[in-house]
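Report on the following structure.
We use all heavy atoms of the structure for the numbers below, so side chains are in, but hydrogens, waters and symmetry mates are not. In the text below, chain A, chain B and the rest are named by the order of the sequence lines, each starting its count at 1.
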2 protein chains.
Amino acid sequence: MEDEVDRLVAAWRRERPDLDVEPLEVLSRVSRLARHLDRARRTAFAEHGLEPWEFDVLTALRRAGSPYQLSPGQLLTQTLVTSGTMTNRIDRLTGKGLVKRLPDPDDRRGVLVRLTDDGRDRADQALAGLLVHERELLAQLTPGQQGELAGLLRLLVAPFDNIPG
Amino acid sequence: MEDEVDRLVAAWRRERPDLDVEPLEVLSRVSRLARHLDRARRTAFAEHGLEPWEFDVLTALRRAGSPYQLSPGQLLTQTLVTSGTMTNRIDRLTGKGLVKRLPDPDDRRGVLVRLTDDGRDRADQALAGLLVHERELLAQLTPGQQGELAGLLRLLVAPFDNIPG
DNA sequence: CTCAGGTATCTCGACATCAAGATATCTCCG
DNA sequence: CGGAGATATCTTGATGTCGAGATACCTGAG
């Protein structure tokens with residue numbers, strides 16, 4: 001089955017036969033797929049009254065394990081947003097009663113963001129719902145292919161995640 | 001080499017051993033990689049004084065071939081943004097002299113967006129620059145792996161691109 | 001102990017995006 | 001032909017994000 005990137009690459013080969021546009025076969029698909037996934041996630045989370053950005057923060061805290069708290073800085077590296085954005089997110093989640101700010105006992109500059117009970121429940125429910133939807137999307141692939149794909153993607157992501165970026 | 005998603009999946013397995021989080025191995029990597037790519041593209045385009053969103057629109061027009069024009073609607077399907085966003089983008093690109101609006105001779109509701117000479121040059125330069133950077137990122141993979149990866153991603157994207165969504 | 005440099009978080013203003021709805025035009029059935 | 005419904009684009013207001021800078025605090029060399 002053909003996709004938009006096949007058409008895009010074919011168009012470049014016609015218009016710019018002098019260029020090697022092979023990289024787009026991979027990277028344009030990554031970008032476009034991510035955009036489609038964003039939309040699908042927005043729909044999936046709507047069932048639970050959450051926005052994708054809320055999910056990202058709540059689940060990062062949920063994954064941290066009891067007592068479900070992380071510093072804003074730790075949340076930054078997991079969510080790939082800027083500090084201003086994170087401050088804003090924490091403000092809004094606090095307003096909704098899903099997290100609360102606590103002073104960091106070891107560093108007076110610092111803050112700890114902790115999940116409330118309500119926040120924890122919401123995160124758990126939304127995760128379960130998300131996985132149902134994601135499994136459907138991945139039904140296009142055999143388990144073996146999924147593993148292959150995950151491995152190849154890891155090779156590309158790892159440099160970003162490990163070399164400070 | 002381990003990445004953030006390995007850590008994320010391990011954390012879920014510890015916190016929610018009852019759930020099968022396998023789908024995240026693929027889809028979380030797609031989302032995170034796309035985010036890293038956005039940042040890298042922003043840097044790459046800065047050399048040419050372009051924003052990623054400008055690049056997306058200009059290159060869609062460039063690919064269309066002479067006379068480098070498309071309707072806003074056609075641009076929507078290629079860039080995956082809403083119509084309001086596209087109107088705004090066209091306004092701003094017009095202001096910068098990179099595109100201009102022409103009435104569609106066959107449909108008085110319609111508009112054609114055409115690349116200016118300057119817009120065409122910018123698109124060509126930025127594309128060449130982007131490919132240089134993207135090739136570096138893909139140096140992690142052999143050509144064979146790149147082909148495999150592209151094929152697997154196509155399987156996932158194709159349903160979105162073909163079924164109207 | 002001190003202070004220069006580093007770090008953690010927050011503030012602020014500009015900007016891009018979206019969703020929903022408005023407007024104008026087209027299509028085609030009856 | 002007439003008009004209902006489809007389509008193409010634009011408008012508007014709310015919202016989320018970013019980048020740069022401000023503030024408060026920590027750390028380590030001397």
Side-chain angles (χ1 to χ4, degrees), chain A residues 31 34-43 45-46 49-58 60 69-96 98-114 164-165, chain B residues 31 34-36 38-43 45-46 49-58 69-96 98-114 164-165:
Chain A
S31 294
R35 244 180 125 54
H36 287 301
L37 287 177
D38 274 350
R39 292 182 171 187
R41 294 205 308 160
R42 190 174 305 277
T43 304
F45 294 145
L50 283 182
E51 298 293 321
W53 65 263
E54 296 177 303
F55 176 85
D56 287 343
V57 176
L58 297 181
Q69 61 186 21
L70 291 172
S71 70
Q74 292 173 305
L75 288 170
L76 291 190
T77 68
Q78 295 208 30
T79 55
L80 299 178
V81 298
T82 62
S83 64
T85 296
M86 188 51 69
T87 298
N88 185 10
R89 287 183 174 188
I90 296 166
D91 286 347
R92 283 175 284 153
L93 287 171
T94 301
K96 292 180 69 172
L98 301 178
V99 308
K100 57 187 168 187
R101 278 193 180 85
L102 304 172
D104 183 334
D106 300 326
D107 184 341
R108 267 178 297 180
R109 294 168 304 180
V111 164
L112 291 173
V113 181
R114 180 184 297 197
Chain B
S31 293
R35 238 176 133 56
H36 287 301
D38 274 349
R39 293 182 171 186
R41 294 205 308 159
R42 190 173 304 276
T43 305
F45 294 144
L50 283 182
E51 298 292 322
W53 65 262
E54 296 177 304
F55 177 85
D56 288 342
V57 176
L58 297 181
Q69 61 185 21
L70 291 172
S71 69
Q74 292 173 306
L75 288 170
L76 291 190
T77 68
Q78 295 209 30
T79 55
L80 299 178
V81 297
T82 63
S83 65
T85 296
M86 188 51 67
T87 296
N88 186 10
R89 287 183 174 188
I90 296 166
D91 287 346
R92 283 174 284 153
L93 287 171
T94 300
K96 292 181 69 172
L98 301 178
V99 307
K100 57 186 168 188
R101 277 195 181 86
L102 304 172
D104 182 332
D106 300 327
D107 184 340
R108 269 179 295 182
R109 292 167 306 179
V111 164
L112 292 174
V113 181
R114 182 185 296 197

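- Considering only the side chain of B:Thr87, D:dT11 comes nearest among C:dT17, D:dG19, D:dT11.
- Atom CZ in A:Arg35 sits about 10 Å away from atom C1' in C:dC18, given to the nearest Å.
- Rounded to whole angstrom, the span from the CH2 atom of A:Trp53 across to the P atom of C:dC18 amounts to 17 Å.
- In this structure, the separation between CG on A:Leu70 and CG on A:Leu112 is 8.5 Å, given to the nearest 0.5 Å.
- At the heavy-atom level, A:Asp107 lies under 4.0 Å from the strands shown only through sugar-phosphate atoms.
- Contact check, B:Arg89 against C:dT17: a side-chain N or O comes under 4.0 Å of OP1 or OP2.
- At a threshold of 4.0 angstrom between heavy atoms, the contacts of B:Asn88 include nucleobase atoms, whether or not backbone atoms are also involved.
- Each of C:dC18, C:dT9, D:dT9 was ranked by its minimum atom distance to the side chain of B:Ser71; first place goes to D:dT9.
- Remark: C1' of C:dT17 and CZ of A:Arg39 are 11 Å apart, rounded to the nearest angstrom.
- Listed pair B:Arg92 / C:dT17 meets the phosphate criterion, a side-chain N or O lying under 4.0 Å from OP1 or OP2.
- Put simply, the side chain of A:Thr85 and the base of D:dC18 share no donor and acceptor less than 3.5 Å apart.
- Atom-to-atom, CD of A:Gln69 to C1' of C:dA8 comes out at 16 Å; the value is rounded to the nearest Å.
- In terms of phosphate contacts, B:Arg108 brings no side-chain nitrogen or oxygen within less than 4.0 Å of OP1 or OP2 of C:dA24.
- A:Leu80 places its CG atom 12 Å from the P atom of D:dT17, with the value rounded to the nearest Å.
- Between B:Arg92 and B:Glu54 there is no salt bridge, since none of the side-chain N atoms of the basic residue sits less than 4.0 Å from a carboxylate O of the acidic one.
- Of the two residues contacting DNA chain C, namely A:Asp104 and A:Arg42, the nearest-nucleotide position lying further toward the 5' end is that of A:Asp104.
- Using a cut-off of 4.0 Å between Lys/Arg side-chain N and Asp/Glu carboxylate O, B:Asp91 and B:Arg101 are scored as salt-bridged.
- Counting to the nearest Å, the P atom of C:dT9 and the CG atom of A:Leu76 are 8 Å from each other.
- Between the CE atom of A:Met86 and the P atom of C:dT11 there is a distance of 15 Å, given to the nearest Å.
- Spacing between atom CG of B:Asp91 and atom C1' of D:dT12 amounts to 13 Å, rounded to whole angstrom units.
- The heavy-atom pair separating B:Ala34 from A:Ser31 by the smallest distance is CB-CA, 4.5 Å.
- Salt bridge status for A:Asp56 with A:Arg41: present, with a side-chain N to carboxylate O gap under 4.0 Å.
- The phosphate of D:dT23 has neither OP1 nor OP2 within less than 4.0 Å of any side-chain N or O from A:Arg109.
- When heavy atoms are screened at a 4.0 angstrom cut-off, A:Gly84 is found touching base atoms of the nucleic acid.
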